[in-house]
Structures are given as C-alpha cells and as structure tokens.
Amino acid sequence: MVDDVKVIAEVPSFTVTLMVRRYDPEVSEEVKWVDYEVTVYGTDRVLDALHKIKWEIDGSLTFRRSCAHGVCGSDAMRINGRNRLACKTLIKDLDITQPIYVEPIKGLAVEKDLVVNMEPFYKAYRDINPFLIANDKPEKERLQSPEDRARFDDTTKCILCAACTTSCPVFWTDGQYFGPAAIVNAHRFIFDSRDEGAEVRLDILNDKEGVWRCRTTFNCTEACPRGIQVTKAIAEVKQAILKGRP
Amino acid sequence: MSIVIETPNSPRTRSQANLEKYGWVFMRISGPFLIVLIFVHLISNLVVPDGGIKAIDFAFVAGKWAAPFWQWWDLAMLWLALIHGTNGMRTVVNDYTEKEGVRKTLVFSLWGVCSALILLGTLVIFTFDPCPAGAAAELLPSFCPAVQ
Ligand code: SF4
Ligand code: FES
C-alpha cells in the first residue's frame with residue numbers, strides 16, 4: 001500500500017530581498033528604504049512577499065490590496081522601477097539575484113508606506129462623466145451590434161488601478177493633467193454607440209490639461225496591467241476631437 | 001410622455017478656451033514640411049555644388065538669394081523651423097516648470113526670441129544686397145561690378 005502513495009516532492013523555495021520604501025508621517029517625516037529577507041516559492045507574487053513581511057516580520061507595513069487577483073486595481077505599485085500590480089507580478093519573473101525594489105506609485109501624495117492619496121486621480125475620472133448619457137427613457141434594452149461593441153472593447157477593461165496615470169511623466173510634474181486613465185474611461189463612452197454625450201466629453205478633453213498634454217511616451221501602455229492600448233485610445237480621442245465627433 | 005434624465009453630477013468648470021489643439025495640429029503639419037525643406041536645403045548646399053561643403057562662401061549664398069525660389073524656400077524654412085522649435089520648447093517648459101511665474105517668463109522670452117529671429121531673418125532674406133551701392137570697394141566681394 002505504502003508503495004502506491006506517491007511522494008510529492010517538496011516545492012522548491014528561495015530567498016529574496018525586498019527593498020521597500022517606507023514612510024510613516026506619524027513616526028517621522030523621513031522616507032527610508034528598508035530591506036526584508038523572505039523565503040518564497042515559485043508561485044509567489046510580490047503581494048505574497050509583502051503579506052509575509054506584514055504578517056511575520058513587521059506588522060506596520062502598509063499597502064492596499066483587496067482581491068489579490070488582478071481585478072480590483074488596489075495594489076498598483078512601482079516594482080523595480082515599473083508600475084505593476086503586486087498581485088500579478090510573479091517574483092520568479094524578476095531578477096531575484098538583486099533586491100526587489102518596491103515603492104509607491106509616483107505623482108500622487110504618499111500617505112503611508114505604499115498607500116497614496118488617490119483623490120486627484122478619481123477627480124479626473126469623475127470629471128469626464130464616466131456614465132451613460134442618453135436622453136430617452138430607459139424602458140427597453142439599448143441594443144448594440146457586436147461591431148459597435150468591439151469599437152470600445154479594449155477600454156472597458158480598465159480597473160482604475162492608476163498604474164498608467166502615475167507612469168506618465170507629464171502627470172508627474174503637472175498634477176492637473178487628466179491623465180491616461182481618465183481619457184481611457186472617456187474613450188469607453190465616447191465610442192459607445194448607445195451613448196449621446198460624446199460631444200460633452202470631447203469638449204472636456206479639449207482642455208488645456210486634456211489630451212493635447214499627451215506626448216505619446218507610451219509609458220501608460222507599457223504600465224497597464226490589463227494590456228489596454230492606452231496610448232492608442234488617447235490618439236483616437238485626439239482624432240475624434242479634431243473631427244468633432246467619434 | 002418622455003422623461004428627460006438629468007446628468008447626475010454638475011458639469012466641470014472649464015478653463016478658458018485654448019489653442020492647444022491648433023498647436024498640436026501645427027506641429028504635425030510643419031514636421032513633414034520641415035523634413036523636405038531642410039533636406040533639400042542640405043543637399044542643394046552641401047552635395048550638389050562642386051567642391052561640396054568647401055564651395056559654400058559669400059558668393060554662393062548671394063547667388064542663391066538672387067533667385068526668388070530660394071528666397072521663398074528659405075523663408076518657409078525660417079518661419080516653420082522657428083515656430084515649430086519654439087512651440088516644442090514651450091511644451092517642455094509647460095511640462096517641467098513648477099512655478100507659474102517662471103513658466104510665464106520662460107514662455108514669454110521664448111516667443112520674444114522667436115519673433116525677433118523671424119523678423120531679422122525675413123528682413124535679411126528680402127533686403128539682402130551683396131553689392132550695396134556706395135560701399136567701400138575693399139569691403140565688397142570680388143564679383144561686384146564696383147570691384148571689377
Ligand atoms: S488603463 Fe490600465 S493602467 Fe490605467 S487605470 Fe486602467 S487598468 Fe490601470
Ligand atoms: S489586489 Fe486587486 S488588483 Fe491586485
């Protein structure tokens with residue numbers, strides 16, 4: 001009998017060093033990099049390592065996360081200099097011979113450790129009217145062809161993680177810029193055949209701090225954990241403003 | 001009976017009308033023009049004449065500007081390059097200055113320098129005379145009738 005039982009090999013583990021940018025205004029105004037050594041497995045993500053630190057080493061480490069599966073958009077952070085979701089970044093995919101640098105996303109005020117104040121980001125999102133604008137009474141389904149739906153499919157995937165906006169060098173120095181995420185979400189409605197508010201949104205984004213601030217750096221496209229073609233969406237909105245309609 | 005559904009939040013207060021859209025379009029139109037203008041300029045000055053780059057001298061420039069075609073060519077290049085370049089610099093200034101006063105001063109000086117250069121350049125292109133009447137002979141190039 002015993003022979004039949006397959007011995008499951010031990011899952012290999014390895015040690016990595018995480019350098020976390022810590023800031024706690026209640027303790028000190030000073031920002032410091034703190035290194036933590038953790039033992040992780042090949043299936044572990046940066047989020048798991050952060051959990052390990054918080055649960056086993058230092059309970060004061062603060063970061064946002066909710067779903068832990070790339071859906072809620074809470075845990076965008078700068079990992080080794082790139083904006084990513086901690087819950088979608090496998091540690092084994094990073095260079096583990098070096099310490100892994102984890103810091104908050106840039107361009108928004110840090111509140112504590114990896115937590116930033118997202119309000120300016122949400123403000124820009126609210127400003128583009130992120131809801132269906134239609135004047136008829138909603139008494140029956142608003143039908144749409146698969147082609148019309150496909151037109152804005154890419155931009156429906158946004159989870160508002162702010163990885164794109166906080167990777168944008170224009171946003172870093174000019175907090176007034178609407179930022180890629182707001183434009184992506186405007187795109188989602190501007191190109192929706194059921195929506196009637198395109199003109200309003202195009203007008204809003206023709207602002208001094210609107211789409212023309214975009215320098216086509218492509219940082220946003222590279223940062224988006226949902227693989228949204230952010231820069232392309234911005235370009236399409238620019239074209240729509242030039243034409244005066246989607 | 002039809003119901004008008006109100007928008008659930010108040011409209012954003014807009015900052016005043018702006019020229020950013022036209023600036024953006026200008027950059028994209030002047031860019032390709034400049035590529036043609038500048039490369040034809042480089043080729044006609046440096047590659048086509050016998051002796052290449054060494055052939056450029058006062059007489060060469062004077063000869064070119066005797067032709068209205070090159071006058072207008074150079075004028076287009078001057079205006080487009082300066083406005084294109086200044087607008088690009090303005091963009092960089094807008095992106096990277098933090099104090100409003102500094103930003104305004106820099107943008108103002110940029111356009112000041114740009115207009116001065118455009119004005120001077122335009123003046124030179126159209127009033128250029130290699131052999132001004134009444135000038136001392138030793139100051140004139142050898143091809144002027146007063147020298148010969
Ligand atoms: S576009 Fe991508 S990177 Fe930007 S907020 Fe949405 S999901 Fe995040
Ligand atoms: S925790 Fe929800 S996206 Fe990472």
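A, B, ... follow the sequence lines: proteins, then strands. Residue 1 opens every chain.
Between B/Glu20 and A/Asp207 the shortest side-chain heavy-atom distance does not fall below 4.5 Å.
In B/Trp79, the CH2 atom is not crowded: 12 or fewer heavy atoms of neighbouring residues, nucleotides or ligands sit closer than 6.0 Å. Applying the 6.0 Å contact sphere to CZ of B/Phe126 captures more than 12 heavy atoms from other residues, nucleotides or ligands. Within a 6.0 Å radius of CZ in B/Phe69, other residues, nucleotides and ligands contribute more than 12 heavy atoms. Remark: B/Trp111 CH2 is packed, more than 12 non-hydrogen atoms of other residues, nucleotides or ligands lying under 6.0 Å away. No more than 12 heavy atoms of other residues, nucleotides or ligands lie within 6.0 Å of CD in A/Glu199, so this atom counts as exposed by the packing criterion. Within 6.0 Å of the CD1 atom in B/Ile53, the count of heavy atoms belonging to other residues, nucleotides or ligands does not exceed 12.
If you take OH on B/Tyr22 and CH2 on A/Trp212, they are separated by 9.5 Å, rounding to the nearest 0.5 Å. Rounded to the nearest 0.5 angstrom, B/Arg103 CZ and A/Asp174 CG are separated by 9.5 Å. Summarising the geometry, atom CH2 belonging to B/Trp24 is positioned 11.5 Å from atom CG belonging to A/Asn206; distances are rounded to the nearest 0.5 Å.
Looking at A/Ile128, there are no atoms closer than 4.5 Å to chain B (heavy atoms on both sides), in backbone or side chain.
A donor-acceptor pair is defined here as one N or O able to donate and one able to accept, closer than 3.5 Å; no such pair exists between the side chain of B/Asn18 and the backbone of A/Glu209.
Pairing each heavy atom of A/Arg215 with each of B/Asp95, the nearest pair is NE-OD2, 2.8 Å.
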